[in-house]
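Have a look at the structure below, then the notes.
What's counted below: heavy atoms across the whole structure, side chains too, no hydrogens, waters or symmetry copies. Everything quoted here is computed from the prediction, not taken from an experiment.
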Amino acid sequence: MPIDLSQLPEGLDANLSEALVRCAQRADAIDLAYLGNRVQAHLQRARFAAQGSSLVNLAQAEALATTYDRLLGQWATLPAVSQPWLKGAMLYFVETDDDDPDFESPAGLEDDVVVLNACLHLAGLAAWCVDPQQR
């Protein structure tokens with residue numbers, strides 16, 4: 001199904017918008033359960049990386065994964081316009097070649113938070129947003 005680019009979540013800079021569009025297009029063909037498993041695997045990698053580095057913001061990784069799990073549990077009730085973008089945000093989270101590598105700097109997950117929060121706003125779920133300052 002083609003992604004409706006006129007419904008791109010607001011609040012993203014050009015680089016993050018471009019990355020989200022790419023991820024949403026790729027995620028369209030990916031099964032939700034598979035994406036959910038990849039989210040959990042990425043969280044496990046974050047936990048492992050945090051054992052050896054204080055740069056990994058494990059609290060943010062856990063908050064992101066928890067929010068994605070919550071979304072998956074409510075998927076059928078989410079606005080259809082937001083679903084491709086939320087799938088794209090999940091893929092963006094689990095990919096290692098995003099704007100800032102997740103486990104190599106203290107700000108590594110901040111771009112993932114920005115992408116998810118923009119998609120949550122589009123879905124009318126601002127109350128579910130992850131705190132970008134969470135440590």
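Taking CD1 of I3 as the reference point, atom CG of L8 lies at 10.5 Å (rounded to 0.5 Å). One finds the CE atom of M90 at 11.5 Å from the SG atom of C23 (value rounded to the nearest 0.5 Å).
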Inset, instruction - List the steps, then state whether side-chain contact (heavy atoms from CB on, under 4.5 Å) holds for S82 with L125. - result: CA-CA 10 Å; S82 67; L125 298 170; over 6 Å; no

Inset, instruction - Could you please spell out the steps behind the side-chain contact (heavy atoms from CB on, under 4.5 Å) verdict for L32 and L72? - result: CA-CA 8 Å; L32 274 174; L72 290 171; 3.6 Å; yes

Legend entry - E95/R26 under salt bridge (charged side-chain N to carboxylate O under 4.0 Å, His left out): CA gap, chis, key distance, verdict: CA-CA 12 Å; E95 294 291 301; R26 288 181 33 225; 3.3 Å; yes

Inset, instruction - Just do the side-chain contact (heavy atoms from CB on, under 4.5 Å) check on D69 and Q40 with the steps written out, would you? - result: CA-CA 9 Å; D69 282 346; Q40 289 307 308; 2.8 Å; yes

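Residues F93 and L116 fail the side-chain proximity criterion, which asks for heavy atoms closer than 4.5 Å. Considering only heavy atoms from C-beta on, V115 stays 4.5 Å or farther from W85 through its side chain. Residues N57 and E110 have side chains not in contact (no heavy-atom distance under 4.5 Å, counting atoms from C-beta outward).
Both L91 and W75 belong to a common hydrophobic cluster when Ile, Leu, Val, Met, Phe, Trp and Tyr are linked at side-chain heavy-atom distances under 4.5 angstrom. Linking Ile, Leu, Val, Met, Phe, Trp and Tyr residues whenever their side-chain heavy atoms come within less than 4.5 Å places V21 and L12 in a single cluster. L109 and L55 fall into different hydrophobic clusters, defined by Ile, Leu, Val, Met, Phe, Trp and Tyr side-chain heavy atoms under 4.5 Å apart, directly or through other members. Residues L43 and L71 are members of separate hydrophobic clusters, defined by side-chain heavy-atom contacts under 4.5 angstrom among Ile, Leu, Val, Met, Phe, Trp and Tyr. Hydrophobic clustering, with ILVMFWY side chains joined whenever heavy atoms are under 4.5 angstrom apart, groups L120 together with V94.
Closest approach of P9 and L122 over heavy atoms only: CG-CD2, 3.9 Å. A pairwise comparison of heavy atoms in A46 and A61 identifies CB-CB, 3.7 Å as the closest pair. Summarising the geometry of L20 relative to C119, their closest heavy-atom pair is CD2-SG, 3.8 Å, with the distance given to 0.1 Å. Closest approach of A123 and L86 over heavy atoms only: CB-CD1, 4.3 Å. Of all heavy-atom pairs spanning G108 and D102, the tightest one is O-OD1, 3.0 Å.
Without hydrogens or angle criteria, Q83 side chain to L78 main chain gives a donor-acceptor distance under 3.5 Å. Remark: side-chain polar atoms of K87 are not paired, donor with acceptor, to backbone N or O of L35 under 3.5 angstrom. Checked by atom type and distance alone, the side chain of N117 pairs as donor or acceptor with a backbone atom of V130 at under 3.5 Å.
No option in Y68, F103, Y92, F48 other than F103 meets the ring-ring contact (aromatic ring centres under 6.0 Å, His included) test with H42.
Applying the salt bridge (Lys or Arg N to Asp or Glu O under 4.0 Å) test to E62 and every residue at least two apart in sequence or in another chain returns R47.
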